[in-house]
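All chains are named by letter (A, B, ...) in the order of the sequence lines, taking the proteins before the strands, and each is independently numbered beginning at 1.
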Amino acid sequence: MVVAHDFLYQKPSTLLDALKLRAQYGEKCSLLAGGTDLVVNIKERRISPDIVIDIKGIPEFSILEERDGSIFIGSAITFTELIESPLIKSRVPIIAESAHTVASVGVRNRATLVGNICSAVPSLDSAPALLVYKTDVVVESVDGKRIIPIDKWFVAPKKTALQNNEIVLGVLVEIPNSENGTAYMKLGRYSGEDLAQAGVGIMISKNLEYKIAFCAVGPVPRRALKVEAFLNGKEFSSITNELSEIIQSEISPITDIRASKEYRRHMVDVLVERGIKLALSRLQGE
Amino acid sequence: MKKDLKQVNSSIPKIDGMGLVKGKPAYTQDLIPSNILIVKTLKSPHAFAKVLNVNYEEALKVEGIEAIFSWKDVPQTIITRAGQGFPEPSPYDRYILNEYVRHVGDEVAIVAGETEEAVEEALKLIKVDYEVLEAVLDLETAVGHSSIIHPEKEAFSMFPIGFDANKNIAAAYEMHVGDVDDVIAKSEVKVEGTYFTQAQAQVPLEPHNCFTYVDFHGRLNVITSTQTPVHIRRIMGRALSMPLKKIRVFKPRVGGGFGGKQMLHGELFCAMVTLKTGKAAKMIYTRKEVFESTCCRHAMRFNLRVASDKEGYIKAIDMDVLSDTGAYGEHALTVLMVAGSKTLPLYNKVEAVRFNGVVCYTNHTPAGAYRGYGALQANFALESLLDELAEKLGISTVELHKKNMISEGESSPIFKIMGEGSEGVDMNVESCKLDYCLDRSIELIGWENKYPRKEIAPNKVRGVGLAIAMQGSGIAHIDMGSAILKLNDDGFFNLLMGATDIGTGSDTILAQVAAEAIGISASDIVVYSSDTDLTPFDTGAYASSTTYVTGNAVRKAGLNMRKLLIETVAKKFKVTPEEVTFENGVFTTEKESITLKEFSTRLYYNEGLDQKQLVASDSYVGEQSPPPFMVGVAEVEVDTETGFFTILDYAAVVDCGTTLNPNLAKIQVEGGLMQGIGMAVYEDVVYTSSGRMLTNNLMTYKIPTREDVKKLTVEFADSYDPSGPYGAKSVGEIGIDTPPAAIANAIYNAVGVRIKTLPITPEKVLMALKLKEK
């Protein structure tokens, strides 16, 4: 099937040119990084942009580097680049771990982490990984720069806090200052390409501070603050009824073609327990 | 017998493999000329509706639009698109377009234009008034529903098939041997159960596509990705009221069919455009159209009863089937009958057996042919229930099978009673190595140490389970295949066949058969298949027929050619044919010798009045349909906390007679296993409550990838069927039959829950485990 929709394609070489085009076309503009969502959306006629702005010609978007205790991941950085980056692996390993579970090799070679969070689908694998760190989304428009904390980024299913004159430059992930163990647990059915039926991101620091975030079990990916509060400072052995009740109060899964809400609820308990155990074993250097 | 074979039973590479791997133009889409009209169809958004009015005035004004047709613009000749032999055992219940639309995705109008954009625009501008009717979406309530899916008076069947449109019944069948109720009542051990098998989509990687043009003779040329060129020609002739001599159907390379391309799909829409405009036209199905608007497997419900004595000798089997044919009755009767005819003979020593089935219409995407063809569905029910019987008897399933399964030289009354659409053919099973297949497959999996279960970690349990299966080799007395062999100068041959290689490798194995018969190398055979203008008759690639039926025809043609060659050489050297030997490409008599290469060139250029073309041909109709057999054994590992399970190993040992090409035979079995595993645990065609298909793309309809299935171990029994070409039986379908039951049985053995509704998902396993705990 061909793309039966005409649009203007622009590949600016400076950020300013891109921002001007973005300001000019607003909601009739689509931004192209990996294109793995965009092309499908255009082909399936879910969107019909007047202009597609390819951001890959702008050097700022291809930066992956450490900046003052944080890691900056530019909007054109692909999942494969994250998986292969020694910096990511050593400092924020859960990002590489979750990147591994996204789609298939071919898609990961093109798709970007920022593109992933811009899709804002409830099942997006990158979200729990970013949520367990202090992560900021850096956006810019012709009017200037804006920082949006990741927990304010996901507004509703498929809706983010991005304004239609803004472009995401990248995300800034703060490197935790204490030793920690992380794990990303994904409930999927296939070894091939598959969407998460539930996803849990976990980070545990040496002083038993827990960070836990979910995807695919509510309208938007989010931190489980009550679960964290309950666990903080405690040694973990297994899920108790009390903890399960708190977990269940933090999620609101639906039944769809991939799984029933009952199954998702059951599985989140299992994923949390197994994820915590895995993160702890990693913390202990196993 | 087998040890003398030189060309067959050898793993030569696929003759078309290298060109295809290199991406050379070969498939229908590769051959489409430029400047051709693009054809698309407007689809019904309703599961069931009457089309009151189609207004396409505005749509016709779109620049580049060439033609638009609604049902009023096309011939209203009732047909079946099933693509079977004639007279078809499927009801005539379908038009090119009709005033009723019977499923979401059913075609309402045909649009042709110069560009895809124009056609898309025109589709949007067509205004259709529908009278939405109450849809029938539940298999269980379809029969006798107040909503009648085929109210048209013209619908009929060519011969009695149980068709009763007023009750939404497309076909029905009943047979029995002995008094089943009485035998069950008197038996010491009884088991029964209800099983559901889902609709499954064939998912050929190449979508359905075709193009049509009228040539300078005024003949309609149809180039299409099909399994059945001669049936396509015949059905198009009827639908379009054209004499068959005005139609040519050509099949290029086909990227998989699995039964989904046995039926007609886009051919009639394209032909309508070409005939009315005089212009070439093409139609390429989107994946969504392949899912919603072609066909899938018949979903079925089985009520099954089995009874035995205390020692485990099965006395009676009672199989009751309800099948969902969707909006049209293509393959309704035959898939139903194969459910019985390709499972019940496995247990041929019963005192009584009954088979009863009804195939109902619903407003789902129509069901059609799909590898396994009913046998797969029934195998799940029967082999699951036999596992329960073994447990109830307190014996192992291996022992139960050994006591009851059919052996070489035996027969079953079912062979004579049940054919495909009509009566079958009596036969003794002249090759049956089920006993070896069973022993070897459990040896391969390590059954002795693993049955029934092993706990390998907290929450991780492994289990093994098995199922046995049979299939057929063509439809006896009905399917006909033929072949023409033509000698060329320089000593090579053309092999012309109507048989349709759809990616299976049949061109390769048939070249091997021809070469074996003539006594030459397969590399000296140029295969051409299939083109209704050039190649001889063949019913097509379905019903596991090509190896056996066409293979026998090719063998006969090859032997005829060998005889002809030797006679011609004898005449040349003025000796008797008995005095001529032909080996390694050289004809030898006591005094003289000549190479085939030299002989053939001389024959066409230098023999004066003796110059002539050598052509040999022959045909074959199966006197019987010898079943291939197999045993499949699965080892699974189940996570009791999540219901997740992994198929660690699947051992399959197959008796398909001689493997004409062992490597291609293995690939056939492996491919079948993959699709069987897909059916068992992954795939499901799901609809909304209003009848819209939710699984209409490859994100929502998941077929397993090679990463999802761990180890497949495929071996073949040493077997030789005297009626087959060099001892071969079919191998195309048998591989798909065992995974549902073998995996269900393995999961039961591992964790004690029996899933009776396919597909077996982790969620179903977990929920069953929780229920069991209570």
Chain A contact via B:Lys770 - side chain, backbone, both or neither, heavy atoms under 4.5 Å | side chain
dist B:Thr700:OG1 -> A:Arg258:CZ (nearest 0.5 Å) comes out at 9.5 Å
Heavy atoms only: give me the nearest A:His266-B:Glu641 pair and the separation to one decimal.
-> NE2-O, 2.7 Å
Region of A:Leu271 that comes under 4.5 Å of a non-hydrogen atom in chain B | neither
Any donor-acceptor pair under 3.5 Å linking the side chain of A:Tyr263 with the backbone of B:Thr642?
-> yes
For atom CZ of A:Arg274, is the number of surrounding heavy atoms from other residues, nucleotides or ligands below 6.0 Å larger than 12?
-> yes
Do you know the tightest heavy-atom contact between A:Arg189 and B:Ile760?
-> NH2-O, 3.6 Å
Within 6.0 angstrom of B:Lys711 NZ, more than 12 heavy atoms from elsewhere = no
For chain A, which of B:Thr115, B:Asp639, B:Ile284, B:Val709 has the most heavy-atom pairs under 4.5 Å?
-> B:Asp639
Out of curiosity, B:Asp684 CG to A:Ile257 CD1, how far, rounded to the nearest 0.5 Å?
-> 8.0 Å
Can you tell which part of A:Gln197 gets under 4.5 Å to a heavy atom of chain B, answering side chain, backbone, both or neither?
-> neither
Take atom CG in B:Leu205; do more than 12 heavy atoms of anything else shown fall under 6.0 Å from it?
-> no
Salt bridge between A:Glu44 and B:Lys288, side-chain N to carboxylate O under 4.0 Å?
-> no
Interchain contact, B:Tyr682 with chain A, by part (heavy-atom threshold 4.5 Å) = both
Heavy atoms of other groups near A:Glu262 CD, more than 12 under 6.0 Å = yes
Using modelled atom types only, decide if a donor and an acceptor are shared between the side chain of B:Glu763 and the backbone of A:Ser260 within a distance under 3.5 Å.
-> yes
